[in-house]
Each structure stands twice: as C-alpha cells, then as structure tokens.
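What follows is a short report on a single structure.
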Amino acid sequence: MNNIRFGCQTYAWIQCGDKYMGKIDHMAKIAAQSGFEALEPINLQLGKYWDAGLLRECMAKEKLELSSLTLVCDWLNPEETEAERQEADRLIQLACDAGKDVLFMLVQMPGKDRSNLDERQRNLMKNINTVARRAADKGLICSYHPNSPDGSVWRTREDYDKLLPQLDAKVMGWTPDVGHIAKGDMDPVALVREYRDLVNHFHFKDMDDKGEWAQMGEGIIDFETLIRDMVDTRYKGWVVFEDECEESVEDPDGVTLKDGVFIRETVRQWLQTPSAA
C-alpha cells in the first residue's frame with residue numbers, strides 16, 4: 001500500500017490579486033470539495049488565519065489536514081532583515097501551534113531579472129539554511145522550493161546542481177516543483193531520480209509544449225512516471241497541486257475542482273496498477 005497523499009496549494013487564488021486574501025476558509029472548502037486531503041497556505045494569504053486556533057478550526061470544519069505552510073521572502077541580503085526574521089519566526093510558531101507534522105516550506109520571491117546572480121544565490125543559501133535550522137530546532141520538517149520566473153535565482157540545470165548540494169540536508173529537504181523544473185528546460189523525472197534522497201515534498205503543475213502553464217493533466221509533464229517512481233522508491237509524503245494555468249486567474253475554484261477530477265480518474269489509477277518495470 002502506498003503512502004502518497006494529495007494536498008492543494010493556495011497559489012491558484014493568489015493570482016486573483018486581493019480578491020481571496022485571507023479567505024483560507026473558502027480555499028479549504030473548495031479543496032475539500034475537490035477531494036484533496038490537505039491544504040498548503042502561503043504566509044502572504046493568511047489574514048486572520050495567523051491565529052492557530054482559527055486555522056485548526058478551519059481545517060477541521062472541512063476535514064482537511066494542514067500538510068504544510070509556505071514562507072515566501074526576498075532574502076536578498078547576507079543575513080535576514082529584521083522584518084524577514086520576524087515573518088519567519090511568526091510562521092515557524094504558527095506551524096508548531098497549528099497541527100501535528102506540518103511541513104515548513106521556504107520559497108524565494110523572484111526578482112525582476114538575474115543580475116548579480118552569484119551574490120544573490122550565496123545570500124539565499126545562507127538565509128534559507130539559517131531559517132531551516134531555527135525551524136528544525138522547533139521540531140519542524142523543512143523543505144526548499146525553487147521556482148522558474150525569469151528573475152528566479154535557481155531555474156537552470158546549472159543552478160540546480162549548485163543549489164541542491166548546498167542545502168543543509170540535516171535540517172532541510174527539497175521540494176521539486178515539476179512544472180518549474182520543466183520550465184527551466186530540464187526533465188523532471190531525471191532530475192528527481194538523480195536527487196531523490198533530498199526529496200521530502202512534491203509540487204505538481206503542468207506545462208504545454210509551448211512552455212505555457214496548462215491545466216493539470218493536459219500538458220506534457222510525465223506525471224505517471226513521477227507517481228510510479230514515488231511508489232517504487234517508497235515515497236511517504238504529500239504531493240501538493242499548485243495549478244498556475246491561465247484559467248486559474250479567473251476561476252481558481254473551477255481549476256481546483258478539475259485537479260480533483262484528474263486525481264480521482266487518472267492519478268489514483270496509476271497508484272492501483274503495478275509499474276511496468
């Protein structure tokens with residue numbers, strides 16, 4: 001029996017601007033209707049749900065787990081700014097108070113371009129390793145999630161080969177976002193296989209053959225092989241769907257419901273049938 005569970009990221013709603021800011025209850029309701037088992041909120045969206053009691057009540061009402069919490073910061077300096085440290089420590093405490101086994105995920109806000117790349121990469125590594133050590137000292141499991149916009153500091157194969165060995169593996173793993181990996185002209189299956197020992201969380205999004213985000217299951221990402229590899233390597237953890245397709249800008253609810261259909265009708269079939277290997 002596999003130990004793979006499916007969660008929903010709240011990024012689809014963040015693309016709508018301020019419309020859904022603080023409406024974790026709405027996102028949780030749609031995630032539950034879609035058949036997801038958990039929600040993964042971002043610090044930028046929490047609003048009144050910075051209150052751990054309210055966040056627990058929200059999850060319990062929809063019979064969802066809180067799989068993870070995502071911290072997004074700039075981390076442009078050699079050390080955290082005071083504001084960044086306060087935000088990180090606040091979210092660390094929320095993760096500790098909100099539920100059992102909540103994964104703490106770190107994501108850097110992309111810049112406008114890739115200027116001063118070496119310096120920015122060095123500063124980021126120092127900052128995320130420092131934050132992860134503080135979170136681990138509180139008993140949290142941590143993970144780092146690279147992204148792929150033009151201003152991201154980790155978006156090519158050369159970047160990943162520099163990044164992944166520098167993660168402090170004693171306190172932090174890696175969240176491969178398979179869409180962002182493909183966006184950087186890499187093969188998600190091959191990269192995950194190569195660095196599998198670092199993986200402790202997954203993000204799924206799809207991309208079409210023109211390099212644009214696609215509705216989950218309608219693009220070119222080889223989700224089937226990724227899922228079968230998880231089973232074969234006894235992955236125990238969350239696969240979190242973070243759909244960024246164009247439709248989600250206008251209809252994040254509808255996109256999330258379609259993701260649920262993709263899981264029920266396709267992904268779970270892969271889990272129930274043996275690998276050809």
Side-chain angles (χ1 to χ4, degrees), residues 7-11 13-14 18 20-25 27-28 38-60 64-111 119-147 152-154 163-164 166-175 177 198 200-201 203 237-238 240 242:
C8 177
Q9 233 282 343
T10 60
Y11 188 84
W13 290 276
I14 211 171
D18 293 335
Y20 293 99
M21 288 300 174
K23 297 182 179 180
I24 300 299
D25 52 343
M27 302 174 206
L39 195 71
E40 181 182 275
I42 303 170
N43 62 312
L44 305 176
Q45 296 172 292
L46 284 168
K48 69 179 182 180
Y49 293 98
W50 276 103
D51 182 299
L54 289 178
L55 188 56
R56 287 195 302 269
E57 289 175 10
C58 179
M59 296 300 103
L64 291 175
E65 293 186 50
L66 187 67
S67 59
S68 28
L69 284 168
T70 300
L71 174 67
V72 178
C73 284
D74 291 317
W75 293 308
L76 298 175
N77 301 293
E79 296 181 353
E80 294 168 274
T81 65
E82 183 60 28
E84 287 170 349
R85 184 182 178 95
Q86 289 180 5
E87 186 81 352
D89 288 348
R90 189 183 182 195
L91 198 69
I92 288 170
Q93 192 59 54
L94 180 61
C96 291
D97 295 341
K100 182 181 178 183
D101 299 327
V102 177
L103 182 136
F104 189 77
M105 189 168 69
L106 296 88
V107 181
Q108 187 185 34
M109 184 74 74
E119 178 185 0
R120 287 164 62 190
Q121 288 177 339
R122 286 195 304 272
N123 289 347
L124 175 65
M125 290 309 308
K126 290 178 64 177
N127 278 283
I128 63 172
N129 281 328
T130 297
V131 174
R133 288 170 194 139
R134 288 207 310 277
D137 285 344
K138 294 281 191 177
L140 296 176
I141 297 171
C142 303
S143 194
Y144 179 67
H145 174 297
N147 47 38
S152 297
V153 298
W154 314 108
L163 160 70
L164 297 177
Q166 292 186 74
L167 292 178
D168 185 346
K170 297 188 296 296
V171 296
M172 179 167 47
W174 167 44
T175 297
D177 183 306
L198 284 173
N200 63 351
H201 200 60
H203 268 202
W238 292 101
V240 174
E242 185 187 16

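The shown structure was predicted, so the numbers you read here are calculated from the model rather than taken from an experiment. Keep in mind that the numbers below use all heavy atoms, side chains included, and drop hydrogens, waters and symmetry copies.
- Closest non-hydrogen pair, V240 versus C8, comes out as CG1-C, 3.9 Å.
- Taken from CD1 in I92 to SG in C142, the straight-line distance is 7.0 Å, to the nearest 0.5 Å.
- Atom-to-atom distance recorded for Y49:OH and L55:CG is 8.5 Å, nearest 0.5 angstrom.
- Applying the salt bridge (charged side-chain N to carboxylate O under 4.0 Å, His left out) test to residues at least two apart or on different chains, the pairs with a partner in residues 64-75 are R5-E65.
- Between the side chain of Q45 and the main chain of T10, a donor-acceptor pair closer than 3.5 Å is present.
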* May I have the step-by-step check of side-chain contact (heavy atoms from CB on, under 4.5 Å) for N200 and M172, ending in yes or no? => CA-CA 9 Å; N200 63 351; M172 179 167 47; over 6 Å; no

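- Atom CD of Q166 is surrounded by more than 12 heavy atoms from other residues, nucleotides or ligands within 6.0 Å.
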* Evaluate the criterion side-chain contact (heavy atoms from CB on, under 4.5 Å) for residue pair M109 and L44; output intermediate values, then yes/no. => CA-CA 11 Å; M109 184 74 74; L44 305 176; 4.1 Å; yes

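- Closest heavy-atom contact between L124 and V153: CD2-CG2, 3.7 Å.
- Under the side-chain contact (heavy atoms from CB on, under 4.5 Å) rule, Y144 has a single partner from L163, T175, V107, L198, which is L163.
- Applying the side-chain contact (heavy atoms from CB on, under 4.5 Å) rule to N123 yields the partners P78, E119, N127; only residues at least two apart in sequence or on another chain are considered.
- With values rounded to the nearest 0.5 angstrom, R85 atom CZ is found 5.0 Å from D89 atom CG.
- In this view, H203 and H145, H201 satisfy the ring-ring contact (aromatic ring centres under 6.0 Å, His included) rule, not counting sequence neighbours.
- Counting only distance, with no hydrogens or angles, the side chain of E242 and the backbone of Y11 share no donor-acceptor pair below 3.5 Å.
- At a threshold of 4.5 Å between non-hydrogen side-chain atoms, the residues N43 and L69 do not count as touching.
- Partner E80 forms a side-chain hydrogen bond (donor to acceptor under 3.5 Å, both in side chains) with one of K126, Q86, R134 and no other, that one being R134.
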* Give the C-alpha distance, both sets of side-chain angles, the deciding distance and a yes or no for side-chain contact (heavy atoms from CB on, under 4.5 Å) between I24 and K48. => CA-CA 9 Å; I24 300 299; K48 69 179 182 180; over 6 Å; no

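- Scanning both residues, A98 and R56, for their nearest heavy atoms gives O-CG, 2.9 Å.
- R133 meets the salt bridge (charged side-chain N to carboxylate O under 4.0 Å, His left out) test with D168; sequence neighbours excluded.
- Here the straight-line distance linking atom SG of C58 with atom NZ of K23 works out to 13.5 Å at 0.5 Å rounding.
- Expressed to the nearest 0.5 Å, how far CH2 of W238 lies from CG of L103 amounts to 11.0 Å.
- Here the shortest heavy-atom pairing between S68 and P41 reads O-CD, 3.3 Å.
- Applying the side-chain hydrogen bond (donor to acceptor under 3.5 Å, both in side chains) test to residues at least two apart or on different chains, the pairs with a partner in residues 95-107 are Q93-D97.
- Residue D18 places its CG atom among 12 or fewer non-hydrogen atoms of other residues, nucleotides or ligands, all under 6.0 Å distant.
- Of all non-hydrogen atoms in I14 and M21, the two that sit nearest each other are CG1-CE, 3.6 Å.
- Taking each heavy atom of A88 and F104 in turn, the nearest pair found is O-CZ, 4.1 Å.
- Judged by distance alone, with hydrogens and angles left aside, the side-chain atoms of N147 form a donor-acceptor pair with the main-chain N or O of Q108 at under 3.5 Å.
- Partners of Q121 under the side-chain hydrogen bond (donor to acceptor under 3.5 Å, both in side chains) rule, at least two apart in sequence or in another chain, are D159, K162.
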* When you look at L167 and I128, which way does the side-chain contact (heavy atoms from CB on, under 4.5 Å) test go after all the steps? -> CA-CA 8 Å; L167 292 178; I128 63 172; 3.9 Å; yes

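- Summarising the geometry, atom CG belonging to L39 is positioned 4.5 Å from atom CE belonging to M59; distances are rounded to the nearest 0.5 Å.
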